[in-house]
Amino acid sequence: MIPYLVALRAIVLREGLRFIHQRERFVAALVRPLVWLLVFAAGFRAALGLSIIPPYATYITYETYIVPGLCGMILLFNGMQSSLSLVYDRETGSMRLLLTAPLPRGWLLFCKLLGSTAISIVQVYTFLAIAALFGIEMNAWGYVAALPALVISGLMLGALGLALSSFIKQLENFAGVMNFVIFPMFFLSSALYPLWKMAESSPLLRDICAFNPFTHAVELIRFALYMQFNGMALLWVLLATVLFMACALWGYDPARGMVKRKG
Amino acid sequence: MIQGLSVDRVSYRYGDKVALDAVSFDVAPGRFAALLGPNGAGKSTLFSLLTRLFTTGDGRISIAGQDMGRTPRAALARMGVVFQSPTLDLDLTIRQNLSYFAALHGLSGRDARRRIDAALDRLEIRARAGEKARNLNGGHRRRTEIARALVHDPSVLLLDEPTVGLDAAARQSITEHVHRLCAEDNLTVLWATHLTDEVYDDDQLVLLHQGRILAGGTCAELRGDKSLKDYFLDLTQMPRQSTEAAL
Ligand SMILES: Nc1ncnc2c1ncn2[C@@H]1O[C@H](COP(=O)(O)OP(=O)(O)O)[C@@H](O)[C@H]1O
Ligand SMILES: [Mg+2]
């Protein structure tokens, strides 16, 4: 068991060091949700008028509503970002180093996922702290209860990125992923509007949103932030994590020749 | 063969393109074997199979007595690898790069530190352990990668064109250094190259061309009175001419 943990610590630590060396990325990743929160949300507030739905006990402002979705946004973008860096690693060769370690591939990839998730979570809490400074506060214990929800959601989105990275043949194809994965996932979810609001405009839209695993990640985080447990969301997120992880393992199976490339 | 390295009828194809065609050779323990072949011969493909980045259903590979198909992790644990493309993290120091690698092999704490110091000593770069990899020249970066490949005391060391992009002096010094490591530490070495001056007369020579082994034996015996360069050019150009003639 010990070698597994030694490797885990080193891989997570290395992700941490990388992150310290790329502080601009950290700031950029925070700017995006903060702009949504402080600029867009303010404009939408009057138009929306949110009624009381679980987990909320009273009327809430739109800013308050979108905070969990923006936490999800950080996890989503970071998951894709680390997938991008995996494709890059593969081209530069440091992925080879990782994959030739005498440990099961699944474990090595899982360590990598956990490392990037840990960093996303630091960003999420920084975001929540800034939001609190602007008066958008959650239940105090909710911040603690959200941690497991953030970990599972981060793993799910990281596993999605990992799976995608194994199928993206070249770095240049990465822009496509942005357009076809990140944006639909984010906009067709409960991050910006509750599902009932979606249903008002189109039941089909609502169904798509209800199917989107990102919706469930956001709801899991939302409920946890108010000290409530959403079992359905958890189930969805877990299922999606297992599915994405299986795709990633398949994608990185040596019999498929993952590092195939010229040179 | 119990120790050393053994490749037995290994084939690999990329789609329709055959990159390796029933490649077989053995390297005895403690031998320096040069895998010599022009660009596109299939050297890197073979390295990917030896390090299990790819697997193939055709043929068997064994490293230090461990079968790559049946006990891949035991085989990986006994080998050190220097890949053709550099794999150092340039933002980390030499020591941090080596610690990361040691941890991937389950080594930590004082044991890891001791091994890292020993590996750095072997490549004569311990004095620079605290420097960022980014600040090193190409030759020292390669030395660092070789030191890293030795941290876990492998019995087989694989190097894929380790001198690519280095100036003549650094190239010669690294070539000599690895030959010395092989002789002094009883390390089995497989050194892929397309440059004949990196192969010494006593080395075992495996000549790979268009995915096939053209010749194998001691370098001095194979080349006879020709220079290795002439021998190599004669062999690698002959089949191509004959296929061209046949077309
Ligand atoms: N990903 C790939 N897809 C298709 N062909 C490849 C790929 N990688 C290598 N090849 C081909 O396989 C042959 C062997 O390549 P390689 O093993 O890189 O040779 P070497 O390392 O000896 O230069 C070459 O003809 C090369 O073009
Ligand atoms: Mg090559």
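Order of the sequence lines sets the chain letters (A, B, ...), proteins ahead of strands, with each chain counted from 1.
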More than 12 heavy atoms from other groups under 6.0 Å of CZ on Arg18(A): yes
CZ/Phe187(A): more than 12 non-hydrogen atoms of other groups inside 6.0 Å: yes
Part of Arg148(B) lying under 4.5 Å from any heavy atom of chain A: side chain
Test side chain to side chain contact (heavy atoms under 4.5 Å, CB included) applied to His21(A) and Leu92(B), step by step: CA-CA 10 Å; His21(A) 292 132; Leu92(B) 301 186; 4.0 Å; yes
Inter-residue atom distance Thr100(A).OG1 - Arg73(B).CZ, 0.5 Å rounding: 14.0 Å
Nearest heavy atoms of Ala101(A) and Leu76(B), plus distance in Å: O-CD1, 4.0 Å
Top contributor to chain B contacts, counting heavy-atom pairs under 4.5 Å, from Leu8(A), Leu103(A), Leu13(A): Leu103(A)
Leu88(B) side, atom CG; Leu97(A) side, atom CG - distance, nearest 0.5 Å: 9.0 Å
Gap separating the CG atom of Asp160(B) from the CZ atom of Arg96(A), nearest 0.5 angstrom: 8.5 Å
Nearest-0.5 Å distance, OH of residue Tyr100(B) to CD1 of residue Ile11(A): 5.0 Å
Sole residue of Thr51(B), Leu49(B), Thr55(B), Leu53(B) in side-chain contact (heavy atoms from CB on, under 4.5 Å) with Pro254(A): Thr55(B)
Heavy-atom neighbours of Phe180(A) CZ exceed 12 at 6.0 Å: no
Under 4.5 Å from any heavy atom of chain A - which part of Glu161(B): neither
Atom CZ of Arg32(A) with >12 non-hydrogen neighbours under 6.0 angstrom: yes
Shortest non-hydrogen separation from Leu107(B) to Val6(A) and the atoms involved: O-CG1, 3.7 Å
Closest non-hydrogen atom pair, Ala103(B) against Ala10(A): CB-CB, 3.2 Å
Segment of Leu98(A) engaging chain B (4.5 angstrom heavy-atom cut-off): both
Distance (rounded to the nearest 0.5 Å) between Leu5(A) CG and Ser108(B) OG: 10.0 Å
Most chain A-contacting option - heavy-atom pairs closer than 4.5 Å, from Val81(B), Thr45(B), Asp89(B), Thr56(B): Asp89(B)
Leu17(A) versus chain B, the contacting section by heavy-atom distance below 4.5 Å: side chain
